[in-house]
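Have a look at the structure below, then the notes.
The structure displayed is predicted, hence computed values, not measured ones.
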Amino acid sequence: MEQLNPQSVLVTGSNRGLGLELVRQLVKKSNPPKWIFATCRDPAGPRAQDLKNLAAEHPQIVIMALDTDDPTSIKAAAAKVTDCLKGAGLNLLINNAGIVKISSLETETPENMAETYRTNVIGPMMVVQVFISLLRKAAKQSPLKGMSCSKAAIINISSEAGSITNVLVWEMGHVIAYRCSKCALNMLSKCQSLHLAKDDILCVALHPGWVQTDMGNTMGTPPLTMEQSLRAVLRTLGRLSEKDTGTFINWEGDPVPL
């Protein structure tokens, strides 16, 4: 884990579930980032209370509003991050915010499909578009060679449920919109990796495992706790390099079939 040493990290959807645990694990490191930008749609609301309690104990955590469905909200968050960094770049962007709606092939609706796609695919696309200049600045300023999550990286939290080859836990839930959106997110990650290779910005789609979260529990009994998943994720992030950019991997760094 100590190989992971970004000075600044931004996490979307950090008020609960994997996002909140990720912030908790980052701030507990022996060498925590100087800045942890913990974003969510409604930082003032009751669903962000656990995040606010955590931030009260750790000054590195900066909570801010960021609705991945709203371009204006994303731009406002980027302006605040820019102000905080005072000329430095953003090292690590983790697109974690996502939704799932229970459905089958016959009950899925265009409305659910569109909403899920907006949050799980279009949102991460817009967030990267807005924050790309800060990622490029971090890459240029870094003395590190090659690519790494300590230098400049985009991690899109995906799911093996979107693997066309494996179609994880199909028997537990069809969740058509979710599966299609994660498959599309994997392609978006590949496109980002190709476009940003010249800037030395690492781009990876990452399956955190089937985890015991509100989302994960909707499809059965997940085998992984959030602590187990995110501890392994941070170890994996510390090992990633240019050979991994554009790939789809799991929480332990193993390749996942597309």
Report task. Start with the C-alpha gap between N15 and D50, add the side-chain angles, then the distance that decides, and say whether side chain to side chain contact (heavy atoms under 4.5 Å, CB included) holds. Result -> CA-CA 7 Å; N15 60 309; D50 289 342; over 6 Å; no
Requested in this report: Would you check, one step at a time, whether the test side chain to side chain contact (heavy atoms under 4.5 Å, CB included) holds for R179 with V167?
Outcome: CA-CA 8 Å; R179 292 182 187 278; V167 199; 3.5 Å; yes
**Report entry** Considering all heavy atoms, the nearest E108-S103 contact
**Finding:** OE1-OG, 2.6 Å
**Report entry** Point-to-point distance, once rounded to the nearest 0.5 Å, from OH of Y178 to CG of N120
**Finding:** 7.0 Å
Report summary line: Interatomic distance, OG@S158 vs CG@N95, rounded to 0.5 Å, equals 11.5 Å
Query raised in the report: Would you say the side-chain atoms of S73 pair up with the backbone N or O of D67, donor to acceptor, closer than 3.5 Å?
Result: yes
Requested in this report: Specify the closest pair of heavy atoms between T72 and D70, including all atoms of both residues, with the distance to one decimal.
Outcome: N-OD1, 3.0 Å
Query - Any side-chain heavy-atom pair of L90 and W35 under 4.5 Å - result: no
Report task. With the side chain counted from C-beta on, respond yes when I102 and V175 share a heavy-atom pair under 4.5 Å apart, and no when they do not. Result -> yes
Query raised in the report: Under a 4.5 Å cut-off applied to non-hydrogen side-chain atoms, are S163 and P257 in contact?
Result: yes
Query raised in the report: More than 12 non-hydrogen atoms from neighbouring residues, nucleotides or ligands closer than 6.0 Å to CD on E171, yes or no?
Result: yes
Query raised in the report: Only one of N91, T236, L240, L234 forms a side-chain contact (heavy atoms from CB on, under 4.5 Å) with L4, so which one is it?
Result: L234
Query raised in the report: Do any N or O atoms from the side chain of S148 and from the backbone of S241 form a donor-acceptor pair under 3.5 angstrom?
Result: no
Query - N/O donor-acceptor pair under 3.5 Å between S14 side chain and G19 backbone - result: no
Requested in this report: State, yes or no, whether a side-chain contact exists between E21 and V211 at a heavy-atom distance under 4.5 Å.
Outcome: no
Query raised in the report: Do the side chain of T247 and the main chain of I249 share a donor and acceptor less than 3.5 angstrom apart?
Result: no
Query raised in the report: Can K190 and L258 be said to form a side chain to side chain contact (heavy atoms under 4.5 Å, CB included), step by step?
Result: CA-CA 11 Å; K190 182 67 175 182; L258 293 170; over 6 Å; no
Report task. Using the rule that two of Ile, Leu, Val, Met, Phe, Trp, Tyr join whenever any of their side-chain heavy atoms come within less than 4.5 Å, decide whether V27 and I63 are in one cluster. Result -> yes
Query - Single-linkage hydrophobic cluster L10~L185, side-chain heavy atoms < 4.5 angstrom - result: yes
Requested in this report: Say whether, by atom type as modelled, one donor and one acceptor occur between the side chain of N96 and the main chain of G13 under 3.5 angstrom.
Outcome: yes
Report summary line: d(K28 NZ, E227 CD) to nearest 0.5 Å is 5.5 Å
Report task. Check the hydrophobic clustering (I, L, V, M, F, W, Y; side-chain heavy atoms under 4.5 Å; chains of links allowed) and say if L93 and I157 are grouped together. Result -> no
Requested in this report: Tell me, with the steps shown, if L18 and L22 meet side chain to side chain contact (heavy atoms under 4.5 Å, CB included).
Outcome: CA-CA 6 Å; L18 288 175; L22 180 56; 6.0 Å; no
**Report entry** Minimum side-chain heavy-atom gap H207-L168 below 4.5 Å
**Finding:** yes
**Report entry** R136 (side chain) donor-acceptor with L196 (main chain) under 3.5 angstrom
**Finding:** no
Query raised in the report: K151 side chain to G146 main-chain N or O, any donor-acceptor pair under 3.5 Å?
Result: yes
Report task. Heavy atoms only: give me the nearest V121-A184 pair and the separation to one decimal. Result -> CG2-CB, 3.9 Å
Query raised in the report: Just checking, any donor-acceptor pair under 3.5 angstrom between side chains of N53 and E57?
Result: no
Report task. Indicate yes or no: at least one non-hydrogen side-chain atom of K137 is less than 4.5 angstrom from one of S133. Result -> no
Report task. Would you confirm whether S229, through its side chain, and P208, through its main-chain N or O, come within 3.5 Å as a donor-acceptor pair? Result -> yes
Query raised in the report: Would the number of heavy atoms belonging to other residues, nucleotides or ligands and lying under 6.0 Å from NZ of K52 be above 12?
Result: yes
Report task. Spell out, as yes or no, whether a donor-acceptor pair under 3.5 Å connects the side chain of S189 to the backbone of C203. Result -> no
Query raised in the report: So, the side chain of K101 versus the backbone of N112: is there a donor-acceptor pair under 3.5 Å, distance only?
Result: no
Requested in this report: Could you tell me which non-hydrogen atom of A65 sits nearest to which non-hydrogen atom of A77, and how far apart they are?
Outcome: O-CB, 3.6 Å
**Report entry** R118 bridged to E115 by N-O distance under 4.0 Å
**Finding:** no
**Report entry** Residue of the set I94, V23, T12, L85 for which side-chain contact (heavy atoms from CB on, under 4.5 Å) holds with F37
**Finding:** L85
Query raised in the report: Any idea which heavy atoms bring K182 and G162 closest together, and the distance?
Result: CB-CA, 4.0 Å
Query raised in the report: Do I164 and C183 have side-chain heavy atoms sitting under 4.5 Å apart?
Result: yes
Query raised in the report: If you measure from OG1 on T245 to CE on M147, what distance do you get to the nearest 0.5 Å?
Result: 4.5 Å
Query raised in the report: For atom NZ of K145, is the number of surrounding heavy atoms from other residues, nucleotides or ligands below 6.0 Å larger than 12?
Result: no
Report task. In plain terms, say whether D69 and R41 are close enough for a salt bridge, that is, a side-chain N and a carboxylate O under 4.0 Å apart. Result -> yes
Report task. Consider only side-chain heavy atoms of I, L, V, M, F, W and Y, link residues closer than 4.5 Å, and tell whether M226 and L20 are in one cluster. Result -> yes
Query raised in the report: Where is the tightest heavy-atom contact between I155 and C149, given as atom of each residue plus distance?
Result: CD1-SG, 4.0 Å
Report task. Rounded to the nearest 0.5 Å, what's the gap from SG on C191 to CE on M125? Could you check? Result -> 11.0 Å
Query - Beyond-backbone contact of L237 with L206, side-chain heavy atoms, under 4.5 angstrom - result: yes
Query raised in the report: Rounded to the nearest 0.5 Å, how far does CD of Q3 lie from CZ of R235?
Result: 11.5 Å
Query - Joint hydrophobic cluster, V11 plus V128, side-chain heavy atoms closer than 4.5 Å - result: no
